[in-house]
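Below, chains carry the letters A, B, ... as their sequence lines are ordered, and counting in each starts from 1.
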There are 2 protein chains.
Amino acid sequence: MPDSSFKEIRDLTLFSQMADENFSALMRGAYVQNFPAQIELITEGDPSDFLHVVLSGSVDLVSAWNGRETSLATVRPISTFILAATIKDAPYLMSARTLEKSRIALIPSQDVRAVFDIDGNFARAVVTELAQCYRSVIKAQKDLKLRTSLERLANYLLRQQRRTGGAASFVLDYEKRRLASVLGMTAENLSRAFKGLQPYGLEVDGTRITITNQAEFERFARPNPLIDDGST
Amino acid sequence: MPDSSFKEIRDLTLFSQMADENFSALMRGAYVQNFPAQIELITEGDPSDFLHVVLSGSVDLVSAWNGRETSLATVRPISTFILAATIKDAPYLMSARTLEKSRIALIPSQDVRAVFDIDGNFARAVVTELAQCYRSVIKAQKDLKLRTSLERLANYLLRQQRRTGGAASFVLDYEKRRLASVLGMTAENLSRAFKGLQPYGLEVDGTRITITNQAEFERFARPNPLIDDGST
DNA sequence: TTCCCCTGTTGATAATTGTCAAGACTTCAA
DNA sequence: TTGAAGTCTTGACAATTATCAACAGGGGAA
């Protein structure tokens, strides 16, 4: 594995506190690979052989049932995915698919579990990461169960606005079709939802979004830190 | 704290592998309390002062937004709840309310975090527990996003059937109004959903459920281990 | 350029789900 | 027993969301 990737991974909070020798042990069996867009990296139901780290590009986590498919999360650099499956040595619950050309590090799951058993710092870092993931999914669950699709879209836009710096005008980082899937609605419905938000101070031009009336828009969306704050 | 409660907690996988002295340290600040039904034990948004352990009775985890409320999980003995908030020292994402008269142990969160930092076995047990919780929520998310309310109910009934031993006839352990909330639908809709499942081999008499045509019912429900299996 | 493919949009319609109001049926206590 | 409060069910209706079909517009490739 090239040194640069090594360092990027080492700097992740998940790996930054562990002993040097244990990190080396992890990296010994790991390798980095470049994947083109639209490649299925893992398939739900398969045994979890590797912990994945997205170094560049982006990866969509999706699940399918009975002919339907939904997008559950998008992983962007630099972060890991399917940590829980790796730790539990259980099958993947989601499939992972590159959205664009991506550089991915693969760390053998059995090495992760072995180091996890002997390195307390690593174990604690894993806990922090998992607790974070758990709380994120709980928030997503609340978003889905407590809000209509219009409200979900409005709050998503406010979150995206904050992520991109807070300006009134910003750009979506999703293809609309995938955004619809993330928000739990159809593409057609998303298109109508964008229109439905215009009376509350929203302008849409392709992927460029402008909130023309922030106060009015927030009055409709009613963002809530216990659902919409990414950090806690 | 009475010895019996002490032992019940010690036997939880979360606490069973930790050092005696650390467990004692945890228990020193802990106490057990009896609560009547319908008492709000914690409120979402509050700081997480205690890790809770349900020793008897049952507790509903709910969340509210904009005048709506939804039930996210039910905790039954013997298990803990709001572990993630305790570990992260972050606000509760859900409120907890007793469903019936319940005996609850409260362990100060700061003690949990302190022991977590010095006891590797405990840290690893926490990881296992959190990974389990995380995967459960992911499954719930898939259930919600990929299935209609009729399908969710059908698969819930199959899960409940398995939990209660697998007989064709079994009893619901939820009040129907709460079941509706858990399944993400209204009580009225649940009532109609029960009727809608009758053509597929279901009989309902109050809280007693009978699956009269298991094959046909499963053909409709299409249960999937990656959504419906509780263990993995 | 022209064609093709893809994304996104729109309209018409259907299916699903929620809301409101009313009534049936328990349960429990006076 | 009676009444009161609760859950559950039902019907009528409205809102939300999905489905299907069609079409506009924007790249790319030949």
Subject >> A:E218: partners by salt bridge (Lys or Arg N to Asp or Glu O under 4.0 Å), with sequence neighbours left out >> reply: none
Subject >> Qualifying salt bridge (charged side-chain N to carboxylate O under 4.0 Å, His left out) pairs with a residue from residues 33-44 of chain A, counting only residues at least two apart or across chains >> reply: A:E44-B:K142
Original post:
Atom NZ of A:K195 and atom C1' of C:dG8: how far apart are they, to the nearest Å?
Top reply: 11 Å
Subject >> Salt-bridge criterion met for A:K7 and A:D11 (N-O under 4.0 Å) >> reply: yes
**OP:** Would you mind reading off the distance between A:D205 atom CG and C:dT9 atom C1', rounded to a whole angstrom?
**Re:** 14 Å
Would you tabulate the nitrogen or oxygen pairs shorter than 3.5 Å linking the protein to nucleotides 25-30 of chain C?
none

**OP:** Could you tell me the separation between the CG atom of A:L172 and the C1' atom of C:dG8, rounded to a whole number of Å?
**Re:** 13 Å
**OP:** For DNA chain C, determine which residues of residues 149-159 of chain A have any heavy atom closer than 4.0 angstrom to one of its atoms, and list them numerically.
**Re:** none
Subject >> With sequence neighbours excluded, residues passing ring-ring contact (aromatic ring centres under 6.0 Å, His included) with A:F15 >> reply: A:F122
Original post:
How many Å lie between NZ on A:K176 and C1' on C:dT10, as a whole number?
Top reply: 13 Å
Original post:
Quick one: does A:V182's side chain get under 4.5 Å of A:R152's, heavy atoms only?
Top reply: no
**OP:** May I ask you to test the B:P77-B:L55 pair for a side-chain heavy-atom distance under 4.5 Å?
**Re:** no
**OP:** For A:F81, enumerate each residue passing the ring-ring contact (aromatic ring centres under 6.0 Å, His included) test, keeping only those at least two apart in sequence or located in another chain.
**Re:** A:H52
Original post:
What is the distance from CZ of B:R147 to P of C:dT16, rounded to the nearest Å?
Top reply: 16 Å
Can you give me the N/O atom pairs linking the protein to nucleotides 18-20 of chain D at distances under 3.5 Å, or say none if there are none?
unit_1: D:dA18; atom_1: OP2; unit_2: A:T186; atom_2: N; d: 3.3
unit_1: D:dA18; atom_1: OP2; unit_2: A:N189; atom_2: ND2; d: 2.7
unit_1: D:dT19; atom_1: O4; unit_2: A:R192; atom_2: NH1; d: 3.3
unit_1: D:dC20; atom_1: N4; unit_2: A:E188; atom_2: OE2; d: 3.2

**OP:** Give every residue pair that meets the side chain to side chain donor-acceptor pair (under 3.5 Å) criterion with at least one member in residues 180-191 of chain A, sequence neighbours excluded.
**Re:** none
**OP:** Round to a whole Å and report the spacing from CZ of B:R178 to C1' of D:dT7.
**Re:** 12 Å
**OP:** Figure out the CG/P separation between A:L146 and C:dG18, and round it to whole Å.
**Re:** 12 Å
Original post:
Does B:S136 have any side-chain contact (heavy atoms from CB on, under 4.5 Å) partners at least two apart in sequence or in another chain, and if so, which?
Top reply: B:Q132
**OP:** Write down the atom of A:G57, the atom of A:S102, and the distance for their closest heavy-atom approach.
**Re:** CA-OG, 3.4 Å
**OP:** Answer yes or no on whether B:K88 is positioned over the face of A:Y134, meaning its NZ or CZ is under 6.0 Å from the six-membered ring centre and within 45° of the axis.
**Re:** no
Subject >> Gap between atoms CG and P, on A:L144 and D:dT17 respectively (whole Å) >> reply: 11 Å
Original post:
Per the end-axis method with five pairs at each terminus, what is the bend angle of the helix from C:dT1-D:dA30 to C:dA30-D:dT1, to 10°?
Top reply: 30°
**OP:** May I have all residue pairs that pass salt bridge (charged side-chain N to carboxylate O under 4.0 Å, His left out) and include part of residues 154-167 of chain A, sequence neighbours excluded?
**Re:** A:R159-A:D228, A:R162-A:D229
Subject >> Pairwise side chain to side chain donor-acceptor pair (under 3.5 Å) hits with a residue in residues 194-211 of chain B, at least two apart >> reply: B:S169-B:R208, B:S169-B:T210
